[in-house]
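Worksheet: the structure to be examined is printed underneath.
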Amino acid sequence: MADDKKLTTRDADFSAWYNEVVLRSELADYSPVKGCMVIRPNGYGIWERMQRQLDDMFKATGHQNAYFPLLIPESFLHKEAQHVEGFAPEAAVVTHGGGKKLEEPLIIRPTSETIIYTMFAKWVQSYRDLPILMNQWANVVRWEMRTRLFLRTTEFLWQEGHTAHVSEAEAEEEARKMLGVYRDFMEGWVAMPVVTGRKTDSERFAGALRTYSCEAMMQDNKALQAGTSHNLGQNFAKAFDLKFQAENGATEHAWNTSWGVSTRMVGGLVMTHGDDTGLRVPPLLAPIELVIVPIYRTPDEQTLVLEAAERIRKSLGDWDRREPARLRIHVDTREGMKPGAKYYEWELRGVPLRLEIGPRDLASNQGVLVRRDTREKRPVSLGILGEEVSDTLSRMQRDMLAAALDRREANSVRARIDYGAFKELMEGKGGFVYAGWCGDAACEAQIKDETKATIRCLPDEEFQSATKPTECLKCGRPSTVEALWARAY
RNA sequence: CGGGGCGUAGCGUAGCCCGGUAGCGCGCCUGCUUCGGGAGCAGGAGGUCGCUGGUUCAAAUCCAGUCGCCCCGACCA
């Protein structure tokens, strides 16, 4: 069945396309438990590279890793009023252990603010103990009604940064700084452009003073919230008695931030870069950057070509690329599979570069280098292969970001738009709409109700339109702030 | 929780109306020939037809119940 080998196209059914890409490129698979997924080596390899880079960035900004336990007393959740309201419905509760009913039920963390600030309170006495800049890599569980691979699963992997500061200004600076770190990572590594900004009250994290987010546009023109950073104010400090003695002797509550990104970013990567042939992984995150496919007919040719492939792998692997570390290369030596079949498979898996080498190439000391993103195919002399591969990978990383940025801008509307046209746009092809907002939550709610579009964020200055909108998209009253509207995941 | 769909070999499915030998494609194993864009031939392995109960001489098929999954809507990173 030739058709069986082709993916559903993005045009025909974006959602089906996404599921097929994730399953067939072996990023993940469904687990026996509803809403849970297994992250397979291909997917986990991408996550590991995300983790490594982000971890470096967190360390570079002064944070340290720690680990807090999975199980939290249920009562902790109730100590902060908004927080319990936000998370109680989706908390998984452990009622039995060791064959007995527990005196107090435990919850499986949906996020760790409660346990972390409880511990911070124990560790902090003086302003000299601040700031605390901590991060943990962990799994969390949220009982979601509807789940999708990577985008929303019952259990997911993430990092949660938690900090405590002496002042609101310092906490605000931290929250903004980490949002910037996320943005740098998403653009520089995921090659996924994001709009940063502040969340409205209705979209704010339960218990936060202010929430900031990175919003990316997927290929179906829907928004994906790819990372969030919260200024928690003193809400948790007050709820968990996190106090310190200030320089002037007064006792004050600390100011907290928390920030996180999750395996959801892998889904964002798929929906940003994937095409109808499958996945396209940005080079910096690709577990394999270059796959070598040997081509041969006779046993003699096989020996010749495989030896050459191994030689190339070794010399490129040893080749001292300055950045970022060694090339990640794989030689596909599988027998009984034609080269063409291998091409399709590696394209499905999104490996950035492919080197085809056959007897004819070797005779002229060259190979054929193929880019996954543009499908550009060109002969490259083996003598300069290291430079060529390295340059091409850097170029691809930049090109993929540029392409994603072009696509986003082509599907963004900044011109004045009346509500009827807006509604039509949201029901049709969708996209990002920058428009005025009066600031009234009622307008926001009504728009959501009627169009399913929400305010993704109130964009930061650099994302705001040159001409400020003057009136509210919905009610026509004077606009107080520019808002980014879109349907979202 | 509402709406829709589906549970038959690893995957995709036919058979179900009208009860009677479980069939096909892909994949997998072995061998030979192949190999510059999804290989061909030959042989082979693999099934408590989601589960429970009922009707019947006989159930994948009919009836009742039950469990699970996927998709679309109301909550969320």
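What you see is a predicted model; the values in this text were computed from it and never measured. Here is the naming used below: chain letters follow the sequence lines, and residue numbers restart at 1 for every chain.
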Problem set entry | Whole-Å distance separating the OH atom of Tyr343(A) from the P atom of G38(B) | 10 Å
Exercise. Rounding to a whole Å, what distance do you find between Glu335(A):CD and A39(B):P?
Worked result: 15 Å
Exercise. Is it the case that Trp17(A) and Ser15(A) place a side-chain donor and acceptor less than 3.5 Å from each other?
Worked result: no
Exercise. In whole Å, what separates the P atom of U55(B) from that of A64(B)?
Worked result: 15 Å
Problem set entry | Distance, P atom - from G50(B) to A14(B), rounded to whole angstrom | 13 Å
Problem set entry | Of His230(A) and Gly35(A), the one whose closest RNA chain B nucleotide lies more 5' | Gly35(A)
For this session: Let me know the distance between CD of Glu20(A) and P of C71(B), rounded to the nearest Å.
Result: 12 Å
Exercise. When we call it a touch if two heavy atoms are under 4.0 Å apart, what does Gly358(A) touch: a base, just sugar-phosphate, or nothing?
Worked result: base
Problem set entry | Beyond-backbone contact of Leu285(A) with Met50(A), side-chain heavy atoms, under 4.5 angstrom | yes
Exercise. Contact class for Glu160(A) (heavy atom, under 4.0 Å): base, sugar-phosphate, or nothing?
Worked result: nothing
Exercise. Under 3.5 Å, is there a donor-acceptor pair linking the side chains of Thr272(A) and Gln219(A)?
Worked result: no
Exercise. Looking only at atom C1', what distance separates A60(B) and U13(B), rounded to whole Å?
Worked result: 14 Å
Problem set entry | Sugar-phosphate only, base, or nothing, as touched by Phe156(A) at under 4.0 Å among non-hydrogen atoms | base
Problem set entry | Candidates Phe240(A), Phe236(A), Phe120(A), Tyr117(A) - the one meeting ring pair (Phe, Tyr, Trp, His ring centres under 6.0 Å) with His162(A) | Tyr117(A)
Problem set entry | Heavy-atom side-chain contact between Leu348(A) and Arg24(A) under 4.5 Å | yes
Problem set entry | Between Ser213(A) and Arg198(A): side-chain donor-acceptor atoms closer than 3.5 Å | no
For this session: For Gln82(A) and C76(B), give me the distance from atom CD to atom P, rounded to whole Å.
Result: 13 Å
For this session: Could you check how far CG of Asp361(A) sits from P of G37(B), rounded to whole Å?
Result: 12 Å
Exercise. Under the criterion ring pair (Phe, Tyr, Trp, His ring centres under 6.0 Å), which of Phe87(A), Tyr212(A), Trp259(A) is the partner of Phe205(A)?
Worked result: Phe87(A)
Exercise. Expressed in whole Å, how much space separates the C1' atoms belonging to C11(B) and C16(B)?
Worked result: 22 Å
Exercise. Can you tell me how far C1' in G2(B) sits from the matching atom in C49(B), rounded to whole Å?
Worked result: 31 Å
For this session: Could you say whether Thr147(A) or Tyr344(A) is positioned toward the 5' end of RNA chain B, judged by the nucleotide with the nearest heavy atom to each?
Result: Tyr344(A)
Exercise. Distance between the C1' atoms of U61(B) and G3(B), in whole angstroms?
Worked result: 28 Å
Problem set entry | Heavy-atom neighbours of Glu26(A) CD exceed 12 at 6.0 Å | yes
For this session: Mind calculating the distance between CH2 (Trp17(A)) and P (C70(B)) to the nearest angstrom?
Result: 20 Å
Exercise. Do Ser112(A) and Glu160(A) meet the criterion of a side-chain donor-acceptor pair at a distance under 3.5 Å?
Worked result: yes
For this session: Between C71(B), C35(B), G37(B), spot the one nearest the side chain of Tyr30(A), thanks.
Result: C71(B)
For this session: Figure out the CD/P separation between Gln302(A) and U34(B), and round it to whole Å.
Result: 13 Å
Problem set entry | Nearest-Å distance once atom C1' is located in both C28(B) and G46(B) | 9 Å
Exercise. For residues 171-195 of chain A, which residue pairs qualify under salt bridge (charged side-chain N to carboxylate O under 4.0 Å, His left out), counting only residues two or more places apart or in two chains?
Worked result: Glu172(A)-Arg210(A), Arg176(A)-Asp460(A), Arg183(A)-Glu187(A), Arg183(A)-Glu462(A)
Problem set entry | Sugar-phosphate, base or nothing in reach of Leu151(A), heavy atoms under 4.0 Å | base
Problem set entry | Whole-angstrom distance between G4(B) and G19(B), as gauged at atom C1' | 29 Å
For this session: Have a look at Asn19(A) and say if it touches a base, only the backbone sugar-phosphate, or nothing, with a 4.0 Å heavy-atom cut-off.
Result: sugar-phosphate
Exercise. Between Tyr434(A) and Phe432(A), how do the two ring planes meet: parallel, tilted or perpendicular, split at 30° and 60°?
Worked result: perpendicular
Exercise. Taking the six-membered ring of Trp158(A), is NZ or CZ of Arg142(A) closer than 6.0 Å to its centre and within 45° of its axis?
Worked result: yes
Seminar exercise, completed: The complete set of side-chain hydrogen bond (donor to acceptor under 3.5 Å, both in side chains) pairs with one or both residues in residues 80-89 of chain A, sequence neighbours excluded, reads Gln82(A)-Arg204(A)
Exercise. Residues from residues 365-379 of chain A sitting under 4.0 Å of RNA chain B, heavy atoms only?
Worked result: Val368(A), Lys377(A)
Exercise. Counting just side-chain N and O atoms, does Lys342(A) come under 4.0 Å of either OP1 or OP2 of G37(B)?
Worked result: no
Exercise. Which part of the nucleic acid does Thr298(A) contact within heavy-atom distance under 4.0 Å: base, sugar-phosphate only, or nothing?
Worked result: nothing
Give each protein N/O atom lying under 3.5 Å from an N/O atom of nucleotides 72-75 of chain B, with the pair distance.
from   : atom 1 : to        : atom 2 : distance (Å)
C72(B) : OP1    : Ser15(A)  : OG     : 3.3
C72(B) : OP2    : Arg146(A) : NH2    : 2.0
G73(B) : OP2    : Arg146(A) : NH1    : 3.1
C75(B) : O2     : Glu144(A) : OE1    : 3.4

For this session: In whole angstrom, give the distance that lies between atom NZ of Lys6(A) and atom C1' of G37(B).
Result: 11 Å
Exercise. Who pairs with Glu356(A) by side chain to side chain contact (heavy atoms under 4.5 Å, CB included), at least two apart in sequence or on another chain?
Worked result: Ile295(A), Tyr343(A), Arg354(A), Val368(A), Val370(A), Lys377(A)
Seminar exercise, completed: Output field dot_bracket for RNA chain B (Watson-Crick or G-U, both distances under 3.5 Å, | for other-strand pairs) contains ((((((((.[[[[.)....(..]]]].((((((.....)))))).....[[[[[..)....]]]]])))))))....
For this session: Can you check whether any acceptor in the base of G38(B) is under 3.5 Å from a donor in the side chain of Glu347(A), or vice versa?
Result: no
